[in-house]
Structure formats: structure tokens, C-alpha cells
Student: 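One structure, pasted below without further comment.
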Amino acid sequence: MEEVLLISRFITRSLILLSLWFLCFPPGVVCDTGNVSASSNSSSKPKVINIGALFTLNSVLGEAANRAIQAAVDDVNSDPTILNGVQLKLLISDTNCSGFIGTMEALQLMESDVVVAIGPQSSGIAHVISHVVNELHVPLLSFGATDPTLSSMQYPYFLRTTPSDHFQMYAIADIVDYYGWREVIAIFVDDDYGRSGISVLGDALAKKRAKISYKAAFSPGDTESKINDLLVEVNLMESRVYVVHVNPDTGLNIFSVANALNMMGSGYVWIATDWLPSYLDSKDAVDSNTMNILQGVIALRHYTPDTDLKKSFMSKWNNLKYKGSAGHAGFNSYALYAYDSVWLAAHALDVFLNEGGNLSFSYDPKLHDTNGSMLHLASLRVFNGGEQLLQTLLRMNFTGVSGQIQFDPDKHLVHPAYDVLNIVGTGTRRIGYWSNYSHLSVVPPETLYTKPPNISTGSQHLYSVIWPGDTTSTPRGWVFPNNGQPLRIAVPNRVGYKEFASKDKSPQGVRGYCIDVFEAAISLLPYAVPRTYMLYGDGKRNPSYNELVSRVAQNVYDAAVGDITIVTNRTKIVDFTQPYMESGLVVVALVKEAKSNPWAFLKPFTAEMWFVTALFFLFVGAVVWILEHRINSEFRGPPRRQLITVCWFSFSTMFFSHRENTVSSLGRMVLIIWLFVVLIINSSYTASLTSILTVQQLTSGIQGIDSLISSTEPIGIQDGSFAFNYLVDELNIAQSRIVKLKNPEAYLRALKLGPKKGGVAAIVDELPYVELFLSNTNCLYRIVGPEFTKSGWGFAFQRDSPLAVDMSTAILQLSENGDLQKIHNKWLTHSECSSQVNQVDENQLSLNSFWGLFLICGIACVLSLTIFCCRVFTQYRRFSPEDEESEIETIEPSRSSRRSIRSTSFKQIIDFVDKKEEEIKEMLKRKNSNSNKQQTSIHSFSDGQASSPS
């Protein structure tokens with residue numbers, strides 16, 4: 001629409017209406033042509049095909065493109081392998097850097113029935129001309145219009161034969177991320193080319209967690225005075241990383257003015273898009289003054305592989321006879337893309353004709369002249385084969401002087417890549433490459449295409465850079481704004497605990513532990529930080545720290561220094577430094593000395609431990625009795641005596657005073673293991689009981705945060721602390737129970753009164769405050785329970801402030817060199833109470849500490865019983881047959897009695913087990929003797945029968 005408004009300044013009312021009607025057709029919508037009133041249909045191939053070229057002849061890109069396009073047309077016409085004798089006729093129109101003139105030239109060019117148009121190099125003119133070619137179905141091959149928005153579906157007949165600025169901006173974002181910068185300032189020309197490119201840069205930086213802090217736009221025709229004012233404003237800002245995205249014809253003015261403002265020195269970073277190498281390459285020799293200005297600049301240039309085809313084209317470049325108008329006639333990368341654009345059209349037309357395509361045109365009834373019109377709209381005809389030719393162009397795949405010419409589904413050239421250049425001395429130095437495949441690398445992109453893509457941070461590499469100011473140290477990328485305003489630092493105006501931060505009469509205005517830590521960290525920074533401290537709060541009560549942090553986020557203050565706890569909701573709106581002090585919420589309550597207890601001797605063990613110990617005493621006694629009963633007379637006798645023996649033996653082992661001797665090996669093994677267990681238990685019991693009876697025991701009605709939650713008693717907190725929100729929101733404690741206290745004196749009064757007299761049962765506060773409070777209470781109050789939150793104190797800065805990162809590094813240095821501890825000792829030294837609040841339940845010895853010993857003893861007992869039972873069972877089997885034989889020999893049993901003898905009763909087994917070991921051995925001995933006698937008798941009887949007469 002801006003181009004239409006420009007037309008209204010130069011032509012008559014009727015011309016305005018007709019032009020507006022023509023240019024405002026819905027772009028990209030190709031309607032049916034209706035009845036064909038005139039046609040140039042031909043059944044045979046034409047001898048000549050018209051192709052058009054639209055660009056600004058007298059420009060850096062236009063001069064190079066002019067020579068390249070004409071050379072390409074000559075090369076195509078002289079090549080018998082393409083188009084089969086059909087000649088290309090080149091029609092060139094000069095757009096003269098004007099959207100209006102470009103539109104008029106495009107209309108005149110279309111009257112010549114061109115089938116393909118090449119150009120323009122200007123993105124703004126390409127937007128306007130694209131409407132014309134869309135309506136007439138003529139493909140537009142642009143070698144220089146890099147505006148990313150031209151790739152949209154709005155311009156179906158626009159085809160870019162050079163990489164889009166979309167990729168160039170992502171390359172710049174990768175460079176910014178590679179060097180760790182987080183903010184850049186974009187300096188760009190305020191037209192379609194500049195605005196669209198910088199818009200993509202903002203999106204690319206956002207993906208790298210960086211951003212454009214300021215967009216400095218200027219009009220293409222601005223004078224050096226206006227550019228000077230713009231750069232003065234830019235120089236007052238924080239960022240020192242500048243991305244310059246302008247036209248090559250006027251871009252050097254930016255650097256000339258910047259040099260005059262001393263902005264090309266140390267600490268500055270300048271990144272130029274491909275316009276700068278295009279300008280430098282097109283000059284046969286750049287004057288030394290210009291190169292001196294550009295020292296240290298990083299620039300991007302289209303990467304084109306060094307193929308034999310490219311080398312051949314470069315060798316004959318200086319011999320080309322096409323000179324055109326006066327101006328820059330040097331070579332640049334756009335000449336390669338312009339040359340390949342002609343060859344792309346030639347290859348597509350060759351395929352188009354071979355596939356039976358028809359180069360015919362037809363009139364559109366919507367395009368007609370009105371009375372008095374001078375536009376000759378009726379002479380414009382629609383290319384009937386435009387859609388087919390466009391699809392043919394999109395599927396072309398060949399190697400040109402710029403590399404592989406092939407389009408992806410988004411109509412971009414495949415494998416976009418750039419050289420990353422560093423301007424030093426009298427020329428440029430390549431420090432690496434960027435490709436859409438693997439991003440930053442120091443090897444040519446084509447060698448990476450055969451490998452899996454790798455865009456991880458560790459795989460990104462560039463060679464060293466010589467920065468502005470002739471330094472190899474990577475610039476920090478930012479400084480404090482040079483606008484005469486120091487850093488505004490808010491300090492909480494506390495009522496209590498002024499050791500951390502408080503008002504002071506010194507020139508600095510504040511003092512305290514937090515202030516000293518901040519000043520020590522500032523002194524470690526490699527640059528000066530102008531600052532002024534501003535008290536926050538009325539001094540009558542502690543300020544709200546949440547509101548203080550919010551003021552920093554709202555740009556009321558630049559930073560906040562003090563005892564500010566790092567909590568989740570605050571980190572969402574500001575950036576914190578590394579914590580310089582650990583903190584966490586604890587419970588403080590009144591403690592009393594525990595009274596003596598007549599049952600204190602039971603406290604060393606838990607009830608479970610007592611029960612298991614007593615059970616094992618009886619169990620081990622029973623096991624030893626079983627093992628000793630058959631062979632040890634001390635473990636025999638009447639049942640009552642044996643029961644008393646078991647109990648006495650069991651518990652007398654506790655004092656190692658048992659009088660019964662063990663005879664069996666298994667019994668001795670069990671007893672040795674059990675005595676070791678008893679030794680450990682006795683020693684542990686003695687130590688624990690000694691501690692309970694001799695060490696001062698302090699008790700409190702509050703056991704920790706859990707007992708506070710379950711009770712209904714009031715809880716004291718520090719006014720302004722985040723503890724209020726934590727107790728209410730996280731622990732669901734009623735607000736009515738919470739009492740806000742201003743200072744340590746209020747803490748002391750509330751704890752003395754207690755919950756029944758209007759005070760509090762306990763105080764919940766952060767550990768640094770509590771330690772300072774307890775050091776002044778003569779150990780009347782203690783921390784009860786464990787610390788139930790973990791956090792820290794840090795300095796708050798506005799989001800994305802680079803100072804937060806540098807201050808975190810400085811705080812770590814303070815911690816490593818010991819200065820942080822020295823500052824702590826200066827302000828926060830205090831006496832510590834040696835006694836702690838002891839909880840009896842926590843000091844009791846439980847079964848968890850001894851179950852291993854009980855397990856070993858139990859296994860030994862079970863194993864011994866198993867061996868004993870196996871031995872007894874073996875003896876019983878040897879004894880039972882003898883008994884059975886003797887009974888059979890003496891009595892002739894009946895069948896029922898024999899069945900009764902074979903079935904052994906449980907009583908008989910018990911009687912056998914109860915027998916002495918000596919009796920069992922004697923019985924087995926007699927059995928063996930009788931068996932031998934019986935064997936002898938049988939043999940004698942057999943021998944006598946054999947000797948008697950038959």
C-alpha cells in the first residue's frame with residue numbers, strides 16, 4: 001500500500017485508481033482467464049524465448065549481477081546440449097531502487113511476453129513485483145531479495161535462488177550464543193528487508209535465551225547527522241553487541257559515524273550481515289581508511305564450495321566484456337546466484353519443452369484499458385504454462401557455480417551455509433563456517449553432510465577472533481548504561497537485626513553484613529560500578545521483602561541488597577546471585593532442665609529392644625539346656641529343678657556369673673556367641689544410661705514443626721518475612737495463630753509470656769536471625785527439631801541483568817579465598833550454647849542397632865539344634881530294631897500286637913531323648929554284642945547239621 005500511495009504523488013487521478021485496482025488483487029490467487037480473445041498458440045518449439053531481468057543497474061549487487069546474467073545467457077545460447085537450438089533473449093529493466101519505477105518497469109517488461117523474470121535484488125521491490133507476476137503467472141527468480149517473508153504462500157510465483165535471511169539470522173544467533181552474550185542491539189534499515197530480517201533475529205535469539213534489547217532503525221535516505229544521533233542514543237545503552245543489517249550501498253556510513261563516536265574500540269562487538277562482504281568483495285581495492293574503520297568486525301558471507309565450475313567462472317570473470325554503467329563492477333557472491341538463476345531457467349525451460357509444454361499467452365478480460373488510460377493494461381497477457389513451468393523449476397536439481405541448486409518443500413535452497421569472517425589488516429580472515437546442518441564449525445560444510453548432524457554445544461567451534469581495539473580477549477558484551485545514572489540499589493530499612501543491614505550516617509548511607517559482602521564482591525569485578533544506596537521502608541516496621549523484590553522487577557530499582565531470601569515466587573520475576581549465606585526455617589522455643597525419673601534405668605532401650613533381649617535370654621537358655629541335658633548332670637533332675645536351672649542360667653549370663661558348666665561342643669559354641677552379644681548389649685546400656693544420668697537434659701513442650709502444626713497455640717514470626725506465606729500456604733496453619741514480631745526484644749517478650757498470657761508458644765524464623773537471637777538469651781531458648789526448609793540469601797537484580805552473573809562469580813571468589821567468613825566473623829560472632837534440647841526417644845537404643853547380633857546368635861542356635869536333632873534321630877533308629885527283636889523272641893505276638901510294636905509313640909521318643917548319653921551308648925553296645933552272639937550260634941547250628949549222617 002505504501003507503493004500505491006507513492007504513485008498518487010506522480011500520476012493523475014485516473015492512473016491512481018487503475019493502478020490501485022491492479023495492485024490490490026488478492027495476492028497469490030490466480031483466477032480463470034475466461035474467454036481467450038487472442039492467443040499465440042504454436043505447435044512447434046519457438047526459436048526465441050524472452051526472459052526478463054529486473055534490478056538496479058547502478059548498485060553494488062546490480063553491477064555484478066548484470067555481468068553475470070548476460071554471461072549466463074551467452075553461455076546457455078552457446079551450449080548445444082540445452083534447449084536444442086532455442087535461443088534466450090534477455091530483456092533488462094532498471095528498477096533504480098524505487099518501488100514505483102520497479103512496478104512500471106515490470107509492467108512494461110511483461111508486455112514483451114517473458115516466461116521467466118530474474119530479480120530483483122531489493123526485497124521491497126520484490127514484494128510489489130510479486131503481485132504482478134502472480135497475476136500473470138510468470139515465475140520470478142530472485143538472486144538478491146533475501147526477505148524471509150517472501151517465502152510465504154502469499155507469493156507462489158516468487159522463487160529465491162539465494163539463501164534466505166532466515167538462515168543468516170539464525171547463524172548470528174548461534175554466534176551470539178557461542179560467545180555467551182545475552183543482549184544485542186539491532187541497527188537496521190527501516191524497510192521490508194531490514195524489518196523482516198531483524199524480526200527473525202529476535203525469534204532466533206529467543207531460542208538461545210537471548211534477546212534484542214533495542215531496535216535502532218533508520219530510513220534508507222537518512223543523513224549522517226541522523227545516523228549520528230541514532231548511534232549516540234545506542235551508545236548510552238547497556239549492550240555493546242551490535243548487529244548491522246543494512247544495504248551495501250549506504251552501510252559504510254554506519255561504521256564511519258561509529259568510528260567518529262569512538263564506538264569501534266575495545267569492548268565493542270560489531271556483527272554485519274552479508275551486505276558488508278558483498279561490498280568489500282565487489283571493490284577491486286578497498287582504501288586503507290575504510291579497512292582501518294572495520295578492524296575487528298565479524299561478518300557473514302554466503303558460502304559457495306570451491307568446485308571446478310566455480311573456479312572456471314572466476315577465471316574468466318575479469319575478461320567479461322559486459323561493463324554497463326559506471327560503478328562497482330567487482331565480483332561478489334550474488335553474481336554466482338544471478339548466473340545460476342539463468343541456468344536454472346534454461347534447465348527448467350528445456351524440461352518444460354521436452355515434456356510438451358506450450359509457450360502460449362492469453363488475454364485476461366479483467367485487464368482492460370478505460371477511457372483516457374495510458375497504462376496499456378490490455379497489452380498484458382497471462383502465461384498459460386506458468387504453473388507447469390513453476391513446478392518444473394521447483395524440481396530442478398543440478399550443480400551450478402554457487403553449489404547445488406535444489407529446493408526443499410519450503411522453496412528454500414538446500415544446504416544454506418555462510419562463511420564467518422573476521423576483518424583484520426587489509427582483508428578478511430575466515431574463522432569458521434555456519435550451516436543449517438551442523439551450525440558453527442571450522443571444517444567446510446560439505447564434509448559434514450556425510451556425517452550425522454551434531455548441533456550440541458560442545459560441537460560448536462570457531463577460530464580465535466581479533467576484536468575491535470586489536471584484542472583477542474572476548475568482549476563482555478555489555479557495560480553499565482552511559483547515561484549518567486548510577487545503579488539504584490534498594491536496601492531494606494530494618495527495625496531489628498540491624499547487624500545485617502541498617503541506615504548509617506556515613507557517605508555510603510548504609511552499613512551491615514550484607515552491605516559489606518556486596519561491596520567486597522563489587523570490588524572483585526573488572527570494571528567500575530557506579531551505584532547509590534536507597535533505603536526501602538519507613539523504619540518503623542520491617543518492609544515487605546516480596547514488595548521490595550517486585551519494585552526491582554518493575555524497574556523502580558536496579559537491584560536489591562540485603563537479607564533477601566531466595567524463594568520460588570521471587571525467582572520468577574528477578575534474577576538472584578549465588579547465595580552468600582545459607583538459611584532455612586527453624587523453630588525456637590523455651591526449654592527447661594529435665595527432672596530426674598525413678599524409672600530412668602529403663603530409658604536406654606526402647607520397649608521393643610527390652611522385649612527382644614528378654615526373649616533371647618530365655619531362648620538361649622533353653623537351647624543350652626537341650627544341648628547339655630543328656631550329658632551334663634547339672635542340667636538334669638526333676639522338672640521343677642530343670643525349669644529353675646534354665647531361667648537362672650539364662651539371666652545369669654547377663655553378668656557372666658552362671659555357675660553351670662557346659663560340656664558339649666555345640667553348647668559351648670552357642671554360649672560363646674551369646675556372651676559376646678551380652679557384652680555388646682551391656683556396654684551399650686551402660687554408656688546410654690551414663691549419658692542420661694550425667695548429661696544435662698533439656699526438654700521443651702514443642703518438639704518441632706510437626707508438633708506446632710498439630711497444636712492450636714500461637715506462633716511468632718518476623719514481620720516482613722516470607723515465613724508467613726510459607727506457614728499459611730504450604731503448612732496450612734491458620735492466620736489467626738500467627739503473630740508478627742518486629743525485633744528480638746519482641747521475640748523475648750512473647751516467649752516469656754507464653755501462649756497462656758498473650759505470648760507465643762514458639763517462634764519460626766530463619767537460621768541466621770535465630771542464631772543471633774539465641775546468642776543474647778543466655779541459652780534460655782533453643783532450636784527444637786530439625787531445620788525444615790533449605791534456602792539462602794542472595795542479591796536481587798532485574799531479569800537478564802549480566803551483573804547478576806558477574807556478582808555470582810565474585811561471591812564464589814569471596815567464599816574460596818576466605819573473605820566471606822571474615823566478614824561473617826566481623827558482624828555475626830556470637831557465643832553458642834553447648835547443651836542441646838535432647839529428646840529421649842531420639843537417644844534411646846532401638847532394635848535397629850542390634851538386630852545383626854541377634855541374627856547371628858539365632859542362626860548359631862538353630863544350627864546347633866539341627867545338628868543335635870540329627871544325631872539323636874540317628875541313635876534312635878539304631879536303638880529301635882533291637883527293642884523290637886527282643887520283644888519278638890520272648891513272646892509269640894499276634895498280628896495286631898506286631899503292628900502296635902512297629903508304631904512308636906511320641907512318649908517313647910521323649911523317653912529316649914531324656915535318657916543319658918551313657919545309657920544310650922550302653923544299650924547300643926549290648927545290641928552289638930547280642931547280634932554277634934546270635935550270628936555265632938546260627939553258624940554253629942548250621943555246621944552241626946551238615947556233619948550228621950543223612
Side-chain angles (χ1 to χ4, degrees), residues 480-481 484-525 527-566 570 574-581 583 718-722 742-745 765-766 768-769 771-773 792-798 801 803-804 806-808 810-811 813-815 819-830:
F480 285 97
Q485 296 182 359
L487 203 66
R488 300 163 299 173
I489 301 176
V491 177
N493 191 6
R494 297 189 53 85
V495 175
Y497 298 113
K498 294 187 177 183
E499 292 87 346
F500 295 106
S502 63
K503 184 179 179 181
D504 189 45
K505 296 181 179 180
S506 64
Q508 187 171 264
V510 289
R511 64 191 295 269
Y513 167 75
C514 302
I515 306 302
D516 281 5
V517 172
F518 184 79
E519 287 292 327
I522 285 287
S523 65
L524 294 178
L525 299 181
Y527 47 86
V529 182
R531 57 197 177 278
T532 179
Y533 293 100
M534 307 170 70
L535 289 172
Y536 178 78
D538 56 11
K540 298 179 180 178
R541 57 177 297 183
N542 292 333
S544 170
Y545 281 63
N546 286 335
E547 293 180 3
L548 172 60
V549 172
S550 298
R551 295 293 181 89
V552 175
Q554 296 166 5
N555 198 28
V556 177
Y557 303 107
D558 297 310
V561 172
D563 47 338
I564 304 172
T565 307
I566 304 173
R570 295 173 184 173
V574 297
D575 285 346
F576 280 96
T577 62
Q578 173 82 12
Y580 61 89
M581 173 174 275
S583 180
Q718 185 178 174
D719 190 14
S721 171
F722 80 99
K742 293 183 179 181
N743 49 39
E745 291 74 17
D765 205 349
E766 294 182 75
Y769 302 122
E771 289 178 343
L772 202 59
F773 169 72
W793 290 356
F795 304 128
F797 291 87
Q798 294 180 8
S801 172
L803 187 59
D806 290 352
M807 286 294 290
S808 294
I811 290 172
Q813 292 178 5
L814 289 176
S815 177
D819 289 343
L820 194 61
Q821 185 61 39
K822 293 178 182 178
I823 299 174
H824 183 277
N825 295 338
K826 172 186 175 183
W827 289 96
L828 306 177
T829 52
H830 51 77

Student: When rounded to the nearest 0.5 angstrom, what is the spacing between CG in N825 and OH in Y513?
Tutor: 9.5 Å
Student: Could you report the tightest heavy-atom contact between I566 and T577, atom names first, then the distance?
Tutor: CD1-O, 3.9 Å
Student: Search all heavy atoms of L772 against all heavy atoms of E499 and return the closest pair with its distance.
Tutor: CD2-OE1, 3.4 Å
Student: Please lay out, stage by stage, how F795 and V517 fare under the test side chain to side chain contact (heavy atoms under 4.5 Å, CB included).
Tutor: CA-CA 10 Å; F795 304 128; V517 172; 3.9 Å; yes
Student: For side chain to side chain contact (heavy atoms under 4.5 Å, CB included), just list the numbers for R511 and D516, CA-CA rounded to whole Å, side-chain angles, deciding distance to a tenth of an Å, and then say yes or no.
Tutor: CA-CA 7 Å; R511 64 191 295 269; D516 281 5; over 6 Å; no
Student: Partners of D558 by side-chain contact (heavy atoms from CB on, under 4.5 Å), sequence neighbours excluded?
Tutor: L487, R488, N555, Q798
Student: Test Y769 against D563 for side chain to side chain donor-acceptor pair (under 3.5 Å), laying out the working first.
Tutor: CA-CA 10 Å; Y769 302 122; D563 47 338; 2.3 Å; yes
Student: Could you pull out the closest heavy-atom pair between A810 and A521, with the gap in Å?
Tutor: CB-O, 3.4 Å
Student: Tell me which pairs pass ring pair (Phe, Tyr, Trp, His ring centres under 6.0 Å) where either residue lies in residues 527-557, with sequence neighbours left out.
Tutor: W478-Y527, F480-Y527
Student: Between L524 and M807, is there a side-chain heavy-atom distance shorter than 4.5 Å?
Tutor: no
Student: For the pair W827 and F500, evaluate side chain to side chain contact (heavy atoms under 4.5 Å, CB included) and give the outcome as yes or no after the intermediate values.
Tutor: CA-CA 8 Å; W827 289 96; F500 295 106; over 6 Å; no
Student: Could you measure the distance from the CD1 atom of I823 to the CG atom of L814? Nearest 0.5 Å is fine.
Tutor: 6.0 Å
Student: With rounding to the nearest 0.5 angstrom, report the CG to CG distance, L548 to N542.
Tutor: 12.0 Å
Student: Looking only at non-hydrogen atoms, find the nearest pair between P768 and W793 and report the distance.
Tutor: CB-CH2, 3.7 Å
Student: Rounded to the nearest 0.5 Å, what's the gap from CG on L820 to CD on Q813? Could you check?
Tutor: 12.0 Å
Student: Rounded to the nearest 0.5 Å, how far does CD1 of I489 lie from CG of L535?
Tutor: 12.0 Å
Student: Write down the atom of P543, the atom of P492, and the distance for their closest heavy-atom approach.
Tutor: CG-CB, 3.9 Å
Student: Measure the CE-OG1 distance between M581 and T565 for me, rounded to the nearest 0.5 Å.
Tutor: 11.0 Å
Student: For F518 and Y580, what are the C-alpha separation, side-chain angles and deciding distance, and is it a side chain to side chain contact (heavy atoms under 4.5 Å, CB included)?
Tutor: CA-CA 9 Å; F518 184 79; Y580 61 89; over 6 Å; no
Student: Please give me the minimum heavy-atom distance between V491 and A501, naming the atom from each residue.
Tutor: CG1-CB, 4.0 Å
Student: Keeping to residues at least two apart or across chains, list the salt bridge (Lys or Arg N to Asp or Glu O under 4.0 Å) pairs with something in residues 529-550.
Tutor: E519-R531, R541-D719
